[in-house]
Amino acid sequence: MLTTRFVDGAPCWIDVTTPDPEGASSFYRALFGWTYRSAGPEGGGYGFLERAGRIVAGCAPLTGDQDPAAWTVYVRSSDADATADAVRKARGSVPAPPVTVGEQGRSAVLADPMGAAFGVWQPGRRAGLESVGEAGSLCWAELYTPDIARAAAFYHAVLGWETSAVSFPGGVYTSVSPQGTEEEGAFGGMVPLADDPVEAAESRPHWLPYIGAEDPDAVAARAAELGGRVRMSPTSIPGVGRLARLEDPYGARFAVLRGDPREN
């Protein structure tokens with residue numbers, strides 16, 4: 001499970017790049033109660049999304065040479081440069097090489113061999129998000145990929161991730177955890193892109209962040225009212241919980257989840 005006791009290889013940050021930070025901030029404020037706080041003049045337009053005074057995500061303006069609006073999941077690394085080198089060696093790519101973010105830390109955006117982008121964060125003064133694993137904050141992350149075995153080998157080589165097969169009604173799920181944490185450290189999973197009609201119909205390989213929600217149905221309905229899109233209607237999965245996949249008005253995709261092993 002996700003906690004703020006971040007270890008190498010665990011998700012520690014998420015942010016959304018968008019053509020309209022003000023509009024996106026308004027959307028997420030109405031949806032999750034998040035408030036926006038600028039990182040200041042030195043932040044280059046970057047800002048923080050907060051819930052109850054704690055940082056739950058970042059928000060960045062989309063520049064002309066970037067891909068469309070999107071959420072990015074960042075994992076902790078004690079050496080962002082070494083991680084970028086490991087990605088190149090493992091036949092991935094480095095869309096945004098490591099850069100120093102003041103005294104806060106060092107950041108990079110990388111991509112696996114199938115093209116799914118993810119970030120790494122080498123902490124300085126800032127360890128990561130101030131709230132995870134609860135309603136209104138990051139609680140899970142999923143990779144949609146055309147090749148589970150290749151993805152598992154890549155992330156193990158680069159980040160030390162361990163995978164395990166988890167049976168559930170209807171199939172087997174590949175869960176992911178940082179090295180040495182066993183299954184109780186699981187923070188996400190890998191899903192065959194071709195096996196998921198929602199993602200396969202209009203997607204390339206990607207990471208999808210899940211935000212905890214006490215009422216996924218209400219969140220999905222509200223997202224549609226606010227100009228977003230419901231990509232997958234609220235659905236209950238036995239032993240997992242109730243979830244929905246959404247898209248904000250600018251095209252950035254995310255999901256919401258109320259975890260409940262008793263859900264049916």
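Worth knowing before you read on, the calculation uses all heavy atoms, side chains too, and leaves out hydrogens, waters and symmetry mates.
Between F48 and Y46, the ring planes lie perpendicular to each other; the angle is over 60°, past the 30° to 60° tilted range.
The backbone N or O of G102 lies less than 3.5 Å from no partner atom in the side chain of T100, so there is not a single donor-acceptor pair. At distances below 3.5 Å, at least one donor-acceptor pair connects side-chain atoms of T235 with backbone N or O atoms of S233. A donor-acceptor pair is defined here as one N or O able to donate and one able to accept, closer than 3.5 Å; no such pair exists between the side chain of E103 and the backbone of R125. W121 contributes a side-chain N or O that, together with a main-chain N or O of R126, makes up a donor-acceptor pair within less than 3.5 Å.
The two residues C139 and G212 have their closest heavy-atom pair at SG-N, 3.5 Å. A pairwise comparison of heavy atoms in A108 and P97 identifies CB-C, 4.0 Å as the closest pair. For the residue pair R150 and M114, the shortest heavy atom distance occurs at CD-SD, 3.5 Å. Across all their heavy atoms, G189 and Y173 have their closest contact at CA-OH, 3.2 Å. When every heavy atom of V73 is checked against every heavy atom of P209, the shortest pair comes out as CG2-CB, 4.0 Å. Minimum heavy-atom separation, I211 to G136: CG2-C, 3.7 Å.
Counting only heavy atoms from C-beta outward, the side chains of F254 and V16 never approach each other to under 4.5 Å. L62 is not listed as a side-chain neighbour of T18, based on a closest heavy-atom distance of 4.5 Å or more. In this structure, the side chains of Y155 and V75 stay at 4.5 Å or more apart for every pair of heavy atoms. Counting only heavy atoms from C-beta outward, the side chains of D112 and L143 approach each other to under 4.5 Å. Side-chain contact between V87 and F154: present, with at least one pair of heavy atoms (C-beta onward) separated by less than 4.5 Å. Side-chain atoms of D217 and R242, non-hydrogen and from C-beta on, do get closer than 4.5 Å to each other. When side chains are defined from C-beta on, I55 counts as touching W13, because their heavy atoms get closer than 4.5 Å. Here the side chains of L208 and W71 are not in contact, with every heavy-atom distance at 4.5 Å or above.
With sequence neighbours left out, R106 forms a salt bridge (Lys or Arg N to Asp or Glu O under 4.0 Å) with D81. Take R37 and apply the salt bridge (Lys or Arg N to Asp or Glu O under 4.0 Å) test, not counting sequence neighbours, and it matches E50.
Taking the charged nitrogens against the carboxylate oxygens, R54 and E130 have no contact shorter than 4.0 Å, which rules out a salt bridge.
More than 12 heavy-atom neighbours from other residues, nucleotides or ligands sit within 6.0 angstrom of CD on E134.
T163 OG1 to H156 NE2: the interatomic distance, rounded to the nearest 0.5 Å, is 9.0 Å. Atom NE2 of H206 and atom CG of L193 lie 7.0 Å apart (nearest 0.5 Å). Taking CZ from R29 and CG from L226, the interatomic distance works out to 10.5 Å, rounded to the nearest 0.5 Å. Taking OG from S107 and CD from Q122, the interatomic distance works out to 10.0 Å, rounded to the nearest 0.5 Å.
Counting only residues at least two apart or on different chains, no ring-ring contact (aromatic ring centres under 6.0 Å, His included) pair has a member in residues 75-117.
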Exercise. Yes or no on side-chain contact (heavy atoms from CB on, under 4.5 Å) for F118 and L110, after CA distance, side-chain angles and deciding distance?
Worked result: CA-CA 5 Å; F118 64 100; L110 315 172; 3.8 Å; yes

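The aromatic ring centres of W161 and F187 sit less than 6.0 Å apart.
V240 is not connected to L138 by any chain of hydrophobic side-chain contacts under 4.5 Å among Ile, Leu, Val, Met, Phe, Trp and Tyr, and they are in different clusters. Note: the hydrophobic cluster containing V219 also contains Y28 (ILVMFWY, side chain heavy atoms under 4.5 Å, direct or indirect links). In this structure, L159 is a member of the same hydrophobic cluster as L129, with clusters built from ILVMFWY side-chain heavy atoms closer than 4.5 Å.
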